[in-house]
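Data first, discussion second: the structure below is written as structure tokens.
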2 protein chains.
Amino acid sequence: MPTILVVDDESRMLDLISFYLEARGFTCERAVSGNCALEKMKHTIYDIVILDVMMPNMDGWEVCKQIRLFSSVPIIMLTAREEKKDIVKGLQIGADDYITKPFNEEELVARIDALLRRLGKEKSISYDGLVWEETNHELTYQGEVIPLTPKEFSIIGYLMKNPNRVFSREQLIDLIWGMDSETEGRTVDSHVRNMRDKVRKSGFPIDHCLKTVWGVGYKWIN
Amino acid sequence: MPTILVVDDESRMLDLISFYLEARGFTCERAVSGNCALEKMKHTIYDIVILDVMMPNMDGWEVCKQIRLFSSVPIIMLTAREEKKDIVKGLQIGADDYITKPFNEEELVARIDALLRRLGKEKSISYDGLVWEETNHELTYQGEVIPLTPKEFSIIGYLMKNPNRVFSREQLIDLIWGMDSETEGRTVDSHVRNMRDKVRKSGFPIDHCLKTVWGVGYKWIN
DNA sequence: CTTTTTTTTGATAGATTTTTAAAAACTTGT
DNA sequence: ACAAGTTTTTAAAAATCTATCAAAAAAAAG
């Protein structure tokens, strides 16, 4: 589940944003100042940082600059003014997107979803009745649950979220098992096989979608 | 250098955007309608698509949806209205960013730079409808896949990525097989032959492009 | 602690690709 | 036109890769 760091000096705003985001299943951490945010980022990896521009001591621009010295985490700036000059400044400094106040829940969530999508970290993805959902850890076809093991679920998730892209066995191991895993590539084959069987039995034509790329790996095609 | 597809029915707007972008070193292609854009995307890989929302026949939303069926290219929407509802709609459909008219040169370039920065470099190359893509591990001609073996795919990749440069058989072996390979040069010939056959069968005039340099090796000419 | 489920491993058959080697065809320079 | 050198073609052997299966090992659940 994506974790989001929200940085704002007003606690009312922190509450509001956290409320919206946690309702959507995101995990939120709060920072009441730029220094506080930078300190937190030394210890934790966040998926997205939401950064208010107007803050005492260190403003949002400065925090953004500082973050970019050591991290490429996606940053969304929160700005009160609707001025193009500010937008350009933010983008040049290294922000990825910005939201102008006042904003509503829909806009906030849409921007975060768009950013996560671009990074390949969606919470759910569906294709022709086949639905993959991170939150309940379930794959369903036409409403029917296809029971998968954790590894199987992760593999099909990465493939579905990145259609047309080939993943080598080693890439999948790095992504799912972790960089320091000793697991060998052939293990992936077994999981793919078992997963294919289970999905096929559900009636979904997985053989049209999940392709073996000889000598390279596996990919999902739409 | 990144190539950008600009889609707008007004030629004045096409001129303006192209002028700004080309001054910054980007290469621009123009499309005067959604259909025109979709057609172009079958033949060429673009780094970014800029899409006007207000167009006759097929509007920007629809074009965006269509593109998302087969490509994850970053899309920037051009919208006249500054309405949050439109922004949310665009992001939900699969756009990555949007710009409201009127916009200035700085804003346009800042947004494109931000998107490219976040994206990293795309590993693909296209020439006259022949598209080579690393991430998909696919070579296509006018949208049709040309099935290649791994070695064949690598060879044509190196040649296409370095037009006009001659590669000796030994160079190709070093690059593809690895420095310590014992494979002999004649093996390359076999792969080139098989690859030529497959590409020729697709209809692409490969004999005009992939040339044998007698006594030296092979090269791709534009 | 026992049972159940998941993950990993190893062995093998089948499919595909890669390599080799020799003959044929083609270039080049004289 | 000829000879020497190089590339292309061809076909078969060798090597590599994938799918499959069963069984062992590990992890999770009861």
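Residue numbers start from 1 in every chain, and the chains themselves are labelled A, B, ... in the order their sequence lines are given, proteins ahead of strands. Just so it is clear, the structure is predicted and the values come from calculations on it, not from any experiment.
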The residue, B/Arg193 or B/Arg169, whose nearest nucleotide of DNA chain D is more 5′ is B/Arg169

Quickly work out the B/Lys151 NZ to C/dT19 C1' distance and round it to whole Å. 11 Å

Give a yes or no on whether the backbone of B/Val199 and the side-chain of B/Arg196 come within a donor-acceptor separation of less than 3.5 Å. no

Residue whose closest nucleotide on DNA chain D lies nearer the 5' end, B/Arg186 versus B/Asn194: B/Arg186

To the nearest Å, how far apart are A/Phe153 CZ and C/dT6 C1'? 16 Å

Is A/Thr187 near enough to C/dT7 that one of its side-chain N or O atoms lies under 4.0 angstrom from OP1 or OP2? no

Taking atom types as modelled and ignoring hydrogens, do the side chains of A/Tyr98 and A/Arg111 form a donor-acceptor contact shorter than 3.5 angstrom? no

Ignoring backbone atoms, test whether A/Thr212 places a side-chain nitrogen or oxygen under 4.0 Å from the OP1 or OP2 oxygen of D/dA19. yes

Using whole Å, what does the distance between atom P of nucleotide C/dT18 and atom CG of B/Asp189 come to? 15 Å

Take the angle between the ring planes of B/Trp220 and B/Phe204 and call it parallel below 30°, perpendicular above 60°, tilted in between. parallel

Within the structure shown, what part of the strands sits under 4.0 Å from B/Glu152 by heavy-atom distance: base, sugar-phosphate, or nothing? nothing

I want to verify a distance call: between D/dT16, C/dT19, D/dT7, whose nearest atom is closest to the B/Thr183 side chain? C/dT19

Could you check whether any side-chain heavy atom of A/Lys101 comes within less than 4.5 Å of a side-chain heavy atom of A/Asp52, counting everything from C-beta outward? yes

SB check A/Arg30 A/Asp15 (cutoff 4.0 Å): yes

Looking for any heavy atom pair under 4.0 Å, which part of the strands does A/Tyr218 touch: base, sugar-phosphate only, or nothing? sugar-phosphate

So, is A/Trp177 near the phosphate of C/dT7, with a side-chain N or O under 4.0 Å from OP1 or OP2? no

What integer distance in Å separates A/Lys211:NZ from D/dC17:P? 22 Å

Indicate, with a heavy-atom threshold strictly under 4.0 Å, whether B/Val188 touches base, sugar-phosphate, or nothing. nothing

Just call it for A/Thr149: base, sugar-phosphate, or nothing, with non-hydrogen atoms closer than 4.0 Å on any strand. sugar-phosphate

Whole angstrom is fine here: how far is it from CE in B/Met195 over to P in C/dT17? 15 Å

Nucleotide D/dT18, atom P - distance to CG of A/Leu210 in whole Å: 13 Å

Between A/His191 and C/dT6, is there a side-chain N or O to OP1/OP2 distance below 4.0 Å? no

Grab the CH2-C1' distance between B/Trp214 and C/dA25 for me, whole Å please. 12 Å

Presence of donor-acceptor pair under 3.5 Å, side chain of A/Ser190 and base of C/dT9: yes

In terms of side-chain heavy atoms of A/Arg196, which of C/dT8, D/dA19, C/dT28 is nearest? D/dA19

Could you tell me the separation between the NZ atom of A/Lys161 and the OG atom of B/Ser72, rounded to the nearest 0.5 Å? 14.5 Å

Length of the CD1-C1' vector between B/Ile176 and C/dT18, whole Å: 13 Å

